[in-house]
Engineer: 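Let me begin by handing over the structure; questions about it come next.
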Number of protein chains: 2
Amino acid sequence: MHNLLDKKKCIILSALDLIQEHGFHASPVSQVAKNAGVASGTIYTYFENKEALIIGIFEYVTEEIRKYVSKGDDTNLSFKDRFYNYWKNLTDFYELNPSIHRFYDQFLNSPFNSEEMQIKSNVWHDFSHGFFESGIKQGEIKALNPIVLSILVNTNVNSIVRIKRNFKNKLARNNMDLDEISHLIWDGIKVE
Amino acid sequence: MHNLLDKKKCIILSALDLIQEHGFHASPVSQVAKNAGVASGTIYTYFENKEALIIGIFEYVTEEIRKYVSKGDDTNLSFKDRFYNYWKNLTDFYELNPSIHRFYDQFLNSPFNSEEMQIKSNVWHDFSHGFFESGIKQGEIKALNPIVLSILVNTNVNSIVRIKRNFKNKLARNNMDLDEISHLIWDGIKVE
DNA sequence: GTTCTGTGATTGAACGTTCATTCATCCTCT
DNA sequence: AGAGGATGAATGAACGTTCAATCACAGAAC
């Protein structure tokens, strides 16, 4: 599995896959190694211990999100258009990478996401804060705390993706359009 | 600790306290027993195993939320007023019981919250669905799926409480009023 | 009132398992 | 030949769970 990629990435992808399905404590290092096609000792060449591995996955995951969302951002557009792009790109990314979505949800609500973790700079969070800050500077959205804004928007995208996954059939039947939530949020934060 | 309450509740409260701080896997049964003031064997008179204990806590916790929120509901009011009451009561409850808030967040995003868990009937979720269903029946909110509506509202309350806890000082400085989010949501779901 | 007896909860040492981590050994290149 | 990565059996700590022994106490017997 993943034999063509470099070892560190193999280990991360293998662990990501196990953790999203079974959780942190039900994903033994031995199994991570097996799925990655390496010996368990090899993991310790790349990560100091299991906790470092999990934090390594978090960093990998947030970098992947940042890459995808920032790639789709065009600073020449109006902030309204940029906002809708941001929303769509983040949603698409999670739907293309369900294991990342599930891991991220688990991580954010776990004790791994400690206070020092939240203080640590993080490429994705920094991008997200900066994104909303630029909207405020341009005077297109209300001058709320950009950190709070980004958490709120990201939380809503997260939970909408989760709902879509869990209620796939029911949503189709009821013809729900969850994407309308994005209009609701935009109407709430835009400057009138 | 909790010596005056009955044993089962002692065990639940002790485990709730440990889990909200350290997570599921870093809360050994031996420590739960110690904090509850019982022997570890005693836990197995009340719960089949550790997983049953965790699910027992979830049931206890959701029942507490339901009691608090339904107590503050007055079906004679307009649905708009009921909505704002619901929002306020849920927020207040989490702020009064931070360990429940943290446990609930962790549980919902963990593999414990399996598919069968989501199908299982749950007093709080049933209440919440029923609440939004009645708003739809009265024609005061849009005919969206009440399950989706309740998840969205509950998710937003959850994350606002989390933000308030994590950014206590920053919010005070920036004079943020997160409760405005409730107006934003109401404007989005109400029938014009 | 006192002693006896049955019942069911409580205890915590002991057990077996699982797990993260280590390290002597073994490749695989250069 | 040598350096450095990779191996996986071995290690020991930690964990969930069990169970024989103990305890608390209610009612019966006297």
Side-chain angles (χ1 to χ4, degrees), chain A residues 1-60 103 106-107 110-114 116-117, chain B residues 1-60 103 106-107 110-114 116-117:
Chain A
M1 190 199 197
H2 306 308
N3 278 339
L4 303 174
L5 306 167
D6 75 290
K7 288 244 166 69
K8 190 173 178 180
K9 200 167 172 185
C10 282
I11 293 164
I12 286 179
L13 292 178
S14 159
L16 182 58
D17 201 53
L18 279 169
I19 290 171
Q20 64 99 3
E21 187 170 6
H22 301 112
F24 301 116
H25 74 290
S27 303
V29 173
S30 59
Q31 191 121 129
V32 171
K34 206 173 167 187
N35 276 30
V38 300
S40 51
T42 306
I43 290 177
Y44 291 86
T45 335
Y46 298 98
F47 300 97
E48 205 189 325
N49 50 40
K50 197 184 177 182
E51 190 176 331
L53 167 60
I54 289 166
I55 290 169
I57 300 170
F58 175 70
E59 282 162 359
Y60 166 79
F103 172 90
Q106 260 183 80
F107 186 92
S110 77
F112 283 109
N113 191 25
S114 59
E116 58 174 312
M117 203 65 218
Chain B
M1 194 203 197
H2 309 308
N3 279 338
L4 303 173
L5 307 167
D6 75 288
K7 288 245 164 69
K8 189 172 178 180
K9 200 167 172 185
C10 283
I11 293 164
I12 286 180
L13 293 179
S14 159
L16 182 58
D17 202 53
L18 279 168
I19 290 171
Q20 64 98 5
E21 188 170 7
H22 301 113
F24 299 118
H25 76 290
S27 304
V29 173
S30 59
Q31 191 120 130
V32 171
K34 207 174 168 184
N35 275 32
V38 301
S40 49
T42 306
I43 289 177
Y44 291 85
T45 4
Y46 298 98
F47 302 96
E48 205 189 322
N49 49 40
K50 197 185 177 182
E51 188 176 333
L53 166 61
I54 289 167
I55 290 169
I57 299 170
F58 175 70
E59 282 162 359
Y60 166 79
F103 172 89
Q106 260 182 81
F107 186 92
S110 78
F112 283 110
N113 190 24
S114 59
E116 58 174 312
M117 202 66 218

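Naming convention: chains lettered A, B, ... in sequence-line order (proteins, then strands); numbering from 1 in each chain.
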Engineer: Would you give a per-nucleotide map of nucleotides 10-25 of chain C, 5' to 3', where B means the base has a protein non-hydrogen atom under 4.0 Å away, S means only the sugar-phosphate does, and - means neither?
Structural biologist: BBB------SSBB---
Engineer: Find the distance between CD (A:E48) and CD1 (A:I55) and round it off to the nearest 0.5 Å.
Structural biologist: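 Rounded to the nearest 0.5 Å, the CD-CD1 separation comes to 10.5 Å.
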Engineer: Would you call the rings of A:H25 and B:F112 parallel, tilted or perpendicular, where under 30° means parallel and over 60° means perpendicular?
Structural biologist: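 Ring orientation of A:H25 relative to B:F112: parallel.
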Engineer: Take atom NZ of A:K34 and atom P of D:dT7, then tell me their distance rounded to the nearest Å.
Structural biologist: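 Distance, rounded to whole Å: 15 Å.
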Engineer: What I'd like to find out is whether the side chain of B:I57 reaches to under 4.5 Å of the side chain of B:L53, using heavy atoms alone.
Structural biologist: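 When only atoms from C-beta onward are counted, B:L53 and B:I57 do touch, with a gap below 4.5 Å.
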Engineer: Should B:P111 and A:Q106 count as side-chain neighbours, where that means a heavy-atom distance under 4.5 Å?
Structural biologist: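 Yes, side chains in contact.
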Engineer: Check whether any side-chain heavy atom of B:H22 sits under 4.5 Å from a side-chain heavy atom of B:S27, and report yes or no.
Structural biologist: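 Yes, at least one pair of side-chain atoms sits under 4.5 Å.
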Engineer: State which residue, out of A:T45, A:V38, A:N35, fulfils the side chain to side chain contact (heavy atoms under 4.5 Å, CB included) condition with A:I11.
Structural biologist: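 Testing each of A:T45, A:V38, A:N35 against A:I11, the sole residue satisfying side chain to side chain contact (heavy atoms under 4.5 Å, CB included) is A:V38.
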Engineer: Under a 4.5 Å cut-off applied to non-hydrogen side-chain atoms, are A:K9 and A:D6 in contact?
Structural biologist: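 The answer is yes; the side chains approach within 4.5 Å.
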Engineer: How bent is the helix from C:dG1-D:dC30 to C:dT30-D:dA1, measuring the angle between the end axes built from five pairs each, rounded to 10°?
Structural biologist: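 That helix gives 10° between its end axes.
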Engineer: With sequence neighbours excluded, what pairs up with B:F107 under the ring pair (Phe, Tyr, Trp, His ring centres under 6.0 Å) test?
Structural biologist: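 B:F58, B:F103.
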